[in-house]
There are 2 protein chains.
Amino acid sequence: MLPFPLQIQPGLPISEQVVYAVKKAVISGLLKPGSRFPSVRAVSQELRIHPNTAHKAIGVLIDEGLLEVHPGIGTVVGQLPSAPSAKELKLFAGQVERLVVEAKNRRLRLDELQAMIERQWNRLTTR
Amino acid sequence: MLPFPLQIQPGLPISEQVVYAVKKAVISGLLKPGSRFPSVRAVSQELRIHPNTAHKAIGVLIDEGLLEVHPGIGTVVGQLPSAPSAKELKLFAGQVERLVVEAKNRRLRLDELQAMIERQWNRLTTR
DNA sequence: ACACGTGTCACATGCTACATGTGACACGTG
DNA sequence: CACGTGTCACATGTAGCATGTGACACGTGT
């Protein structure tokens, strides 16, 4: 059994869905820093996807610092990353803009959006 | 000249970029309800993209209610849509969750995220 | 009645991303 | 030394995207 929940759905790339599921599991405390992360082959077998696909997803998580590799040993959940750089913040601002545009397009008010943000924030509380 | 700004960039589908540019123009007041929207062929020529691609983007905007079609006449900016349905809100909640996950992943605090939201909100103020 | 511009549609083609298939190598553990 | 681990380099099939090409229905203006 994998240490994070995931139901593969069509419409989005499988590797992206795996990345997102792991991110959610990490920030919600389901995957704790230092704990063992399943091997590429284990993930591929559990999710019934190809090892290359699992490896691609894990590679992204490595690059973002959520996972750490110990060659010959395996992969573990990394320590929490540091504060974002200016470049990362700029990219993130683009995502914020996208959400605001969609919110305004749906005739939401600012306080309604803020409330939805806070609700999701608390739902994903680190345990 | 098109009534909305857009610089085509690689990495994202062209049709999606057109849709997003129009959405931003509408909510920022650059495109006012009832005003004339450029024809499929005009958009394709200005942006140097294929008419089919422009038509695809406009088709999405039609479906979402941002544009209205008058056969034989042309396309105009639609009146502002009504309040979102429960189904639309659920889809939008998924987008909110995505942003919150990315924010937590970057070690942002809730108040920092809320501040970014409010800043973008005011930047896209309807004139 | 007619030409024109409008939106709309149905194919086909080339390109790219994605997922899978297959095989191989370096590393550390036991 | 065998084993499991991560990693990599190809190839293959599928799907989405953008473009190419041609065509039709509609309303306006002449």
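Heavy atoms only: backbone and side chains are in, while hydrogens, waters and symmetry mates are out.
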Any side-chain to backbone donor/acceptor pair from [X] onto [Y]? Under 3.5 Å, distance only.
X      : Y      : value
A:R119 : A:A115 : no
A:S35  : A:L31  : no
B:N122 : B:E118 : yes
B:K23  : A:N105 : no
B:Q17  : B:L6   : no
A:E16  : A:P13  : no

For atom [atom1] of [X] and atom [atom2] of [N], their distance in whole Å:
X     : N      : atom1 : atom2 : value
B:E68 : C:dT6  : CD    : P     : 19 Å
A:H55 : C:dT20 : NE2   : C1'   : 15 Å
B:Q45 : D:dT19 : CD    : C1'   : 15 Å
A:K56 : D:dG6  : NZ    : P     : 18 Å
B:L61 : C:dT8  : CG    : C1'   : 16 Å
A:F37 : D:dT7  : CZ    : P     : 12 Å
B:I62 : C:dG7  : CD1   : C1'   : 9 Å
B:Q17 : D:dC17 : CD    : C1'   : 12 Å

- prompt: Is the closest side-chain donor-acceptor distance between A:Q120 and A:R123 under 3.5 Å?
  reply: yes
field: Presence of B:S15 side-chain N/O under 4.0 Å of D:dC17 phosphate oxygens OP1/OP2
entry: no
- request: Give a yes/no answer on whether the side chain of B:S39 brings an N or O atom under 4.0 Å of OP1 or OP2 in C:dT6.
  value: yes
- line: Ranking D:dC17, D:dT19, D:dG6 by distance to the side chain of B:E16, first place goes to D:dC17
- prompt: Which of the following nucleotides, D:dG6, C:dC9, D:dC17, is nearest to the side chain of B:P13?
  reply: D:dC17
query: With a non-hydrogen cut-off below 4.0 angstrom, is A:I58 in contact with a base, only sugar-phosphate, or nothing?
result: nothing
query: Checking all strands, does B:T53 fall into the base, sugar-phosphate, or nothing category for heavy-atom contacts under 4.0 angstrom?
result: base
- line: Closest non-hydrogen atoms of A:P84 and A:E88, given as atom of the first, atom of the second and distance, are CA-OE1, 3.1 Å
field: Note: B:R106-B:E102 ion pair, threshold 4.0 Å (strictly below)
entry: yes
- request: Only stems of 3 or more consecutive Watson-Crick or G-U pairs count here, both distances under 3.5 Å; name the ones for DNA chain C, or none.
  value: C:1-30 with D:1-30
field: Letter per nucleotide, 5' to 3', of nucleotides 22-30 of chain C [B base touched, S only sugar-phosphate touched, - untouched; heavy atoms, 4.0 Å]
entry: B-B--BSS-
